[in-house]
Protein chains: 4
Amino acid sequence: MSVNITKIGVLTSGGDSPGMNAAIRAVVRTCAFHNIECTGIYRGYQGMIEGDFEIMGPRSVNNIINKGGTILKSARSKEFMTPEGRKKAHENLVAAGIDALVVIGGNGSFTGGLLFNKEYGFPVIGIPGTIDNDIYGTSFTLGYDTALNTVVEVIDKIRDTASSHNRLFFVEVMGRDAGHIALNAGIGAGAEEILIPEEDMGLDRLVDSLKKSKASGKSSSIVVIAEGDRIGKSAFELKDYFDQNMPEYDVRVSILGHMQRGGAPSCFDRVLASRLGVKAVETLLEGNSNYMVGLLKDEVVLTPLEQAVKGKSQIDQELIRVSDIVSI
Amino acid sequence: MSVNITKIGVLTSGGDSPGMNAAIRAVVRTCAFHNIECTGIYRGYQGMIEGDFEIMGPRSVNNIINKGGTILKSARSKEFMTPEGRKKAHENLVAAGIDALVVIGGNGSFTGGLLFNKEYGFPVIGIPGTIDNDIYGTSFTLGYDTALNTVVEVIDKIRDTASSHNRLFFVEVMGRDAGHIALNAGIGAGAEEILIPEEDMGLDRLVDSLKKSKASGKSSSIVVIAEGDRIGKSAFELKDYFDQNMPEYDVRVSILGHMQRGGAPSCFDRVLASRLGVKAVETLLEGNSNYMVGLLKDEVVLTPLEQAVKGKSQIDQELIRVSDIVSI
Amino acid sequence: MSVNITKIGVLTSGGDSPGMNAAIRAVVRTCAFHNIECTGIYRGYQGMIEGDFEIMGPRSVNNIINKGGTILKSARSKEFMTPEGRKKAHENLVAAGIDALVVIGGNGSFTGGLLFNKEYGFPVIGIPGTIDNDIYGTSFTLGYDTALNTVVEVIDKIRDTASSHNRLFFVEVMGRDAGHIALNAGIGAGAEEILIPEEDMGLDRLVDSLKKSKASGKSSSIVVIAEGDRIGKSAFELKDYFDQNMPEYDVRVSILGHMQRGGAPSCFDRVLASRLGVKAVETLLEGNSNYMVGLLKDEVVLTPLEQAVKGKSQIDQELIRVSDIVSI
Amino acid sequence: MSVNITKIGVLTSGGDSPGMNAAIRAVVRTCAFHNIECTGIYRGYQGMIEGDFEIMGPRSVNNIINKGGTILKSARSKEFMTPEGRKKAHENLVAAGIDALVVIGGNGSFTGGLLFNKEYGFPVIGIPGTIDNDIYGTSFTLGYDTALNTVVEVIDKIRDTASSHNRLFFVEVMGRDAGHIALNAGIGAGAEEILIPEEDMGLDRLVDSLKKSKASGKSSSIVVIAEGDRIGKSAFELKDYFDQNMPEYDVRVSILGHMQRGGAPSCFDRVLASRLGVKAVETLLEGNSNYMVGLLKDEVVLTPLEQAVKGKSQIDQELIRVSDIVSI
């Protein structure tokens, strides 16, 4: 309540995602709106340790709402994992007069913020920024919607080639522990099958399904695979398996990779980032902290940061069923 | 429960929107999944009157999930507004063995379906397809998300030119009665001001705001205007006003127009269409009808069609506040 | 030959176009490559008069190759049309040690540069930057290829809607005096008819052609109109004519407007800008001036600036024939 | 001269490329324009052997100008490499009354056509369709311009991530024997280095260049690598080398793969396809054959097919120099 916030620091940490700049912009301008100073911290926690700060006003964030990446840059910091690192960071914040933090990033970034809060009582608010959508307490993370559009646009292109040649494509998308991108982009791209970490379809069922798909008259097939799928084979290993055991398929592999993290954010991500950025700052100004802001059931809500870090974002089982139906 | 559905007709009606094809695909394939026949009805209610039908199987809807427009075409039908027209339509449906309807469209289309249901007891399910997002009972209509992305991409381009020349642009977007597109795309595009039908900002406040914006060091300004805004002036009239009264502004106008209705649907719209299409058919198969399927609070839900037609989709007041904050 | 160039000034002038930033980048870096200083002049000739200069090194132009607009901004300068204005401009250049100019812009910008050269013997090289492609001495101006892609992408979207509703669309594109955009984008978009300033098709032939097109079984028609077409009617006037005289057509109008000037440049425009920027600087360093650099018959060539200004870029008659054939 | 052509067959062969559909459309419609019948041959030479034909009129090619891939599908045919295969193919053509062929494809496809012509005196015209731009006798092959845009758009996204994390990216693009895509897209994407098959830069020079690039203050580096580059290491092997020998770099790899073949063609490719398609048919109707149509020095020209097959498309050495200059 009564912590009198006068200067807020904002940083981006972990893998970058589209919408981070829009969130930075919202944080900076909400501070200005409430006549609070705002300081940009470069390269995440590493920049906090090195004192890589810059005071930012509304004009510092002109024309960035539509830019991918993060103007504050991001880095992973081993030093911040040590008490000495965090001590240095805290000293720098105090020296700069910063009395609250907005951390834009994923689970690892929030864990760092939580630790920092526990040791120094420093008020922290988290904004979920990651394309993987694997954070508890929000239906959408920043960058997720943009990544889905990037993936379906690329698979639309691959489909052109696949159907011109009656081919089978294995397309690997991001998602080491979470199948959100694979499942949603797979449905969006009209994939014949989708392999995700949360479900072990098994190689036999995959082969059966593709045979059925071919028999039904489909001229090409796209299988979308999350990096961390449970079938236990990478896209290239699957290709090898098919090349040896089912030579009647002309198999190709495409690993989408890092392009999924970049690009101009979708309108959805820009608006989400604006809403979460405003809420993050105003939550601090109301004297609350250690929350993550998120969008749940169409509303901006707060989730205790500890819960956000420990919780597990679930895959929508009904969506798996939808996927099975619409791909027949 | 016990209405034994054996053949479902599907049509698109009213203005087309991206995602309609994905919804048709989902309806057709869900029918096939449940071993029900599906008939495509061309050109909406007009095609119903003319018996312009085609039986559709899973392969009829190959490679359409990513296409804008509607393969079933759309039309406005004056004849369906008459009892004679609806009688003919009903006879055609009966003759074709169709015993339930899925109507993809907006409020006008639902009103037609409702009327038809009242007169003939014909089971109808509505899927909200319109870019305007002005339908009660769903947080998102099909095509709305795609239209938002189209608008922000275009305004991003206009911004290039605006900021190269320090200009003021009035950009008119769709939304005769609803400011959803203007408000959300305006925030997404970083617009300095947004004029919507739901709020009368007044010309004076607009002028004040733009002066403040200029004084704050912004090199260009974008004002997004919904077609039906309450300030009572079209984009061109606003330009005239500024040309005469504030010649220090170099004003340009852009009316985005029909491009907002087209284009490959976003991933969000494709997934939404798939979910709603599955639910529409399964609701009929469960013996229920006269509902609209929609997405509310992250869940697919049913709203009585009558309520959907009468209800009013509200603008999010909090979003207006967010817009004011992030545009400073 | 022997003019010893030590510092080159670069400016953008007239309407902005995609690729201008890529050209600025190439000019700046070519200077650095040859150990010459480079000064950016803001807001074209107006900034020259006001001394709005900034020394630029290779890092000043990082990450701009893909940005629309111009980081140097552009403006039209009435003052530069006066001898006094040019005198001031010259004094500023001399004071800043700038001894040669690269002017990126269109015909008007080149005329200014030529005048300046005549009065002060100042070495000038022009780079053709305008989306209109209406400059003599080059087959492609910077931004033209990007504008073509923007237009066809938009018309692709409009086509979705047009063919869903069996409509006739009049789409107005840029080109007050030149039909290059209309003709090429019209062919690219599969337009049924194309109206350009260079050819007067006549209203009767247009009507005939559209009737024939409808009779041939086409479900929709797109007519692309250059702003300055000779038929003497704007898109809206054409709509009025059709509404009154041919009510069987459901006519819609779309004016594409300023979005055509913006957007990330195409690869072609980026490479072209890079080639022309290098050539512009090296031409000056070789002691030559008063040329425009351009791409003709696949080669970078020099055209005397005077000739570039006076010459007229011709429309390709063969292309008009191709358009007639492929639109049947 | 006097070979009286009455029915032209058209096929696509080899790897598909954007613009093939636009070329098919132009061939079909030019036939209709000249009152000649046109037959589509599915799956290239394999479909010729199997008699997989379909008569096509102007309406058969509606709304395909903007579609990637090829509606006629493509396939590689081992059988056509045998005299027996070609005999069957010839019999099918004769039976169908087809008396001339338009072959859309690359070098392999032309070689097949040439062989066929030698054995049966069958008139053949080639249209260069491949994204690699590696065909003698044309400055641009169909799909090349589109592929360049696809590559720069993807690298723009990767750049977002690269510069947010100060990373080094190796991006592999298509081009087993030709560096056109790598060189042009590399310049367009602002790559720090470009490795192509035509030039052996050597690992040492690459390392030197990247060190210099870092020292100059660049925050990230992109190296574009053609599949078939001469440095003799794949992108992954290069990453291994850097991981071991230069751990100060945070290296990532991205293999763009098949997406480069798909997507809506650029306006340039659509117009080029239209021009070449018209010319191909009209060349046959004028009694000429065994030519490839191409665009050289801004004009549509004919190159003897034999020469097109044997000739080698050269990389532009000047462009390599431009690349070195603008990447400093």
Side-chain angles (χ1 to χ4, degrees), chain A residues 22 25-26 29-30 32-34 58-59 62-66 139 145 147-153 155-156 159 163 183-185 187-190 216-219 264-271 274-275 277-279 281-282 296-300 316 318-319 321-328, chain B residues 22 25-26 29-30 32-34 58-59 62-66 139 145 147-153 155-156 159 163 183-185 187-190 216-219 264-271 274-275 277-279 281-282 296-300 316 318-319 321-328:
Chain A
R25 173 180 179 268
R29 291 192 170 175
T30 308
F33 185 84
H34 291 292
R59 294 292 72 74
N62 275 0
N63 295 326
I64 67 167
I65 193 171
N66 60 339
S139 303
D145 183 64
L148 292 181
N149 284 330
T150 298
V151 172
V152 297
E153 280 166 29
I155 302 185
D156 284 352
R159 177 78 73 180
S163 64
L183 180 55
N184 280 271
I187 292 176
S216 85
K218 292 203 177 189
S219 64
S266 67
C267 185
F268 185 95
D269 273 329
R270 299 181 194 192
V271 174
S274 301
R275 295 172 79 177
V278 169
K279 182 70 171 180
V281 171
E282 297 193 335
L296 265 185
K297 303 184 183 232
D298 300 339
E299 291 195 357
V300 175
D316 183 343
E318 177 61 17
L319 214 48
R321 207 178 72 86
V322 165
S323 159
D324 288 340
I325 293 173
V326 296
S327 63
I328 71 165
Chain B
R25 173 180 179 267
R29 292 192 170 173
T30 308
F33 185 84
H34 289 294
R59 295 293 71 74
N62 275 0
N63 295 327
I64 66 166
I65 194 172
N66 60 338
S139 303
D145 183 65
L148 291 181
N149 284 329
T150 299
V151 172
V152 297
E153 280 166 29
I155 303 185
D156 284 354
R159 178 78 74 182
S163 63
L183 180 55
N184 280 270
I187 293 176
S216 86
K218 290 202 177 188
S219 64
S266 67
C267 186
F268 185 94
D269 274 327
R270 300 182 193 191
V271 174
S274 301
R275 295 173 77 179
V278 169
K279 182 69 173 180
V281 171
E282 297 193 335
L296 266 185
K297 302 183 184 231
D298 300 339
E299 291 196 356
V300 175
D316 184 342
E318 176 61 17
L319 215 48
R321 206 178 72 87
V322 166
S323 159
D324 287 340
I325 294 174
V326 295
S327 63
I328 69 166

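Residue numbers start from 1 in every chain, and the chains themselves are labelled A, B, ... in the order their sequence lines are given, proteins ahead of strands.
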Under 4.5 Å from a heavy atom of chain B, the part of [X] involved:
X        : value
A:Val278 : side chain
A:Arg275 : both
A:Ile187 : both
A:Asp145 : side chain
A:Ser327 : backbone

Tell me the closest heavy-atom pair linking A:Val152 and B:Arg270, and the distance in Å.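 What the structure gives for the nearest pair is CB-NH1, 3.8 Å.
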Original post:
Between A:Cys267 and B:Gly188, which heavy-atom pair has the shortest distance, and what is it?
Top reply: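 Result for this residue pair: SG-CA, 4.3 Å.
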Considering only heavy atoms, which portion of B:Ala22 lies under 4.5 Å from any heavy atom of chain A: side chain, backbone, both, or neither?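 For B:Ala22, no heavy atom lies under 4.5 Å from chain A.
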Under 4.5 Å to a heavy atom of chain A? For B:Asn63 that would be side chain
- Query: Under a 4.5 Å cut-off applied to non-hydrogen side-chain atoms, are B:Val271 and A:Leu183 in contact?
  - Reply: no
Selection from [options] maximising heavy-atom pairs under 4.5 Å formed with chain B:
options                      : answer
A:Pro58, A:Gly277, A:Ser216  : A:Ser216
A:Ile328, A:Leu148, A:Ile65  : A:Ile328
A:Asn149, A:Val300, A:Leu296 : A:Asn149
A:Arg321, A:His34, A:Lys279  : A:Arg321

Below 4.5 Å, heavy-atom pairs only: which of B:Glu318, B:Glu282, B:Glu153 has the largest tally toward chain A?
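Among B:Glu318, B:Glu282, B:Glu153, the one with the most close pairs to chain A is B:Glu282.
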For B:Asp316 and A:Asp298, run side-chain contact (heavy atoms from CB on, under 4.5 Å): C-alpha distance rounded to whole Å, both residues' side-chain angles, the deciding distance at 0.1 Å, then the answer.
CA-CA 10 Å; B:Asp316 184 342; A:Asp298 300 339; over 6 Å; no
Between the CG atom in B:Asn62 and the OG atom in A:Ser163, the distance rounded to the nearest 0.5 Å is 9.5 Å
Applying salt bridge (Lys or Arg N to Asp or Glu O under 4.0 Å) to B:Arg25 and not counting sequence neighbours gives none
Those residues at least two apart in sequence (or on a different chain) that pass salt bridge (Lys or Arg N to Asp or Glu O under 4.0 Å) with B:Glu299 are none
